[in-house]
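Data block below; observations after.
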Amino acid sequence: MAVFRSAENPILTPEDIAPSRDDFEVIGVFNAAVARYRDEVLLLMRVAERPVQTDPDGVVTAFLDPAQGRIVTTTFARSDPDNDFSDPRLIVRRGRTYLSSISHLRLARSADGIHFTVGRHPALAPTESCESFGMEDPRITQIGQTYTISYVAVSPLGVTTALASTGDFTAFQRHGVIFGPENKDVVLLPEPIDGRYYALHRPHSPLCHRNDMWIAESPDLLCWGGHRHLMGTREGFWDETRIGAGAPPVRTDAGWLEIYHAADRHDRYCLGAVLLDTREPWKVLARSAEPVFQPQTEYEQAGFFGGVVFTCGLLCENQTLMIYYGAADTTIGYAEIPLADVFASLSS
Ligand code: MAN
């Protein structure tokens with residue numbers, strides 16, 4: 001596998017991002033959606049923030065209080081045995097889960113795809129009750145002249161996926177929740193098939209411990225039905241515990257090429273490929289037996305949540321996948337992989 005990582009990696013780090021408030025600090029910029037718009041490459045990045053930590057005996061976290069319509073903070077004492085900090089992404093207290101950071105979506109623009117100018121303010125920040133713990137992991141799919149954005153909306157109600165859209169990356173419209181809890185990793189096919197839109201999605205079943213990829217269809221991008229199980233996790237493989245769509249699928253002569261992520265039993269996240277039938281995308285034609293991209297460099301192996309490469313967007317140009325990816329839930333990296341190498345990795 002000829003994987004080329006930019007020598008400038010990581011291309012975006014928390015130090016490049018101004019916090020949205022003076023009393024917040026940015027702890028991660030990662031999992032960005034990508035679009036080509038006019039002459040530029042645009043990233044819609046997940047920016048994770050928390051209040052500046054001033055209390056040595058406690059962890060302070062922030063979330064939107066929908067009733068008050070403003071962000072509030074809560075402190076969890078380190079010494080309280082009821083507070084579980086074992087997963088750095090979460091704080092669990094007496095059966096309730098909080099997030100240790102709150103994410104919003106921020107735009108960055110670049111002429112060369114490597115050097116980005118970052119917006120001073122959020123493009124989309126939590127305002128709805130379903131977003132009160134944050135907006136995460138956006139994906140952009142250009143459908144006609146509209147850029148459709150699916151993003152994870154997290155709140156005490158659960159993990160949902162909501163839809164937004166823009167025509168110019170200045171004004172954004174929200175269209176509400178399209179997949180209820182627990183569902184994330186929703187990516188849209190860039191064109192309808194026989195008048196139907198298709199979305200890959202990832203419901204979670206706590207009863208059966210399943211985190212598989214499904215496919216749904218819609219006449220209007222808002223009402224989704226016709227759900228079908230698309231592919232499951234594979235015990236003993238790199239994709240054994242959780243899988244989910246990554247970037248929106250790329251149309252190739254052989255079918256829809258989807259770069260997806262998966263975690264193994266050690267919570268190590270890698271990227272692999274799956275090929276879906278062009279006309280019947282619920283049919284899996286081939287899949288990577290081994291990852292096409294895995295955490296190897298220092299900035300991928302260590303960080304807020306180490307051992308993670310995770311993509312929400314790529315460009316496919318000159319027979320090459322140009323992948324923007326979150327590294328260790330902390331920074332954004334850029335890598336290129338020739339399409340031919342990805343195809344060579346597929347087995348049926
Ligand atoms: C979650 C994802 C991402 C994140 C990974 C690794 O499941 O949705 O937000 O990058 O875990 O922490």
Side-chain angles (χ1 to χ4, degrees), residues 10 12-14 26-34 43-50 85-92 97-106 124 126 130-131 133-139 149-155 158-162 179 181-187 200-206 209-213 233 238-248 259-272 291 293-295 299-314 323-333 335:
L12 285 151
T13 71
V26 173
I27 60 168
V29 55
F30 52 108
N31 299 0
V34 186
L43 296 182
L44 186 62
M45 311 177 297
R46 172 177 172 189
V47 172
E49 298 179 294
R50 67 181 178 193
F85 303 105
S86 56
D87 185 326
R89 301 170 295 188
L90 315 173
I91 301 158
V92 182
T97 300
Y98 303 81
L99 299 193
S100 57
S101 64
I102 180 167
S103 294
H104 65 261
L105 308 181
R106 186 91 62 104
L124 283 161
C130 280
E131 302 166 352
F133 281 175
M135 304 165 75
E136 304 180 352
D137 303 354
R139 276 85 172 182
I149 302 160
S150 55
Y151 62 92
V152 177
V154 193
S155 76
V159 176
T160 68
T161 294
F179 288 91
E182 298 277 317
N183 205 318
K184 63 199 317 192
D185 302 322
V186 175
V187 307
L200 309 180
H201 64 108
R202 210 291 298 282
H204 165 65
S205 165
H209 306 288
R210 296 211 73 104
N211 295 288
D212 294 349
M213 281 165 64
T233 50
W238 65 281
D239 48 4
E240 63 183 350
T241 62
R242 285 189 295 285
I243 56 175
I259 301 299
Y260 70 99
H261 66 264
D264 66 12
R265 68 190 69 181
H266 307 294
D267 258 346
R268 184 169 185 266
Y269 282 72
C270 297
L271 302 180
F293 192 60
Q294 42 189 320
Y299 55 87
E300 294 160 0
Q301 282 175 320
F304 180 74
F305 197 80
V308 173
V309 291
F310 190 102
T311 188
C312 292
L314 56 77
I323 302 174
Y324 293 86
Y325 66 96
D329 285 2
T330 307
T331 61
I332 294 176

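Counting starts at 1 for both ligands and their atoms, in listed order.
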Query raised in the report: How are the rings of F310 and Y269 set relative to one another: parallel (under 30°), tilted (30 to 60°) or perpendicular (over 60°)?
Result: tilted
Query - Backbone of G246 reached by a side-chain donor or acceptor of R139 within 3.5 Å - result: yes
Query raised in the report: Do P14 and T331 touch side chain to side chain, with heavy atoms closer than 4.5 Å?
Result: yes
Requested in this report: Mind jotting down which protein residues get a heavy-atom contact under 4.0 Å with ligand 1? Chain and number order, please.
Outcome: N31, R46, R89, D137, K184, Y269, F305, F310, D329
Query raised in the report: What residue among I102, V152, V154 forms side chain to side chain contact (heavy atoms under 4.5 Å, CB included) with F133?
Result: V154
Report task. Anything under 30° is parallel, anything over 60° is perpendicular, the rest tilted; go ahead and classify Y325 against F293. Result -> perpendicular
Query raised in the report: Counting N and O atoms only, with roles assigned by atom type, does the side chain of T161 sit under 3.5 Å from a partner on the main chain of V186, one being a donor and the other an acceptor?
Result: no
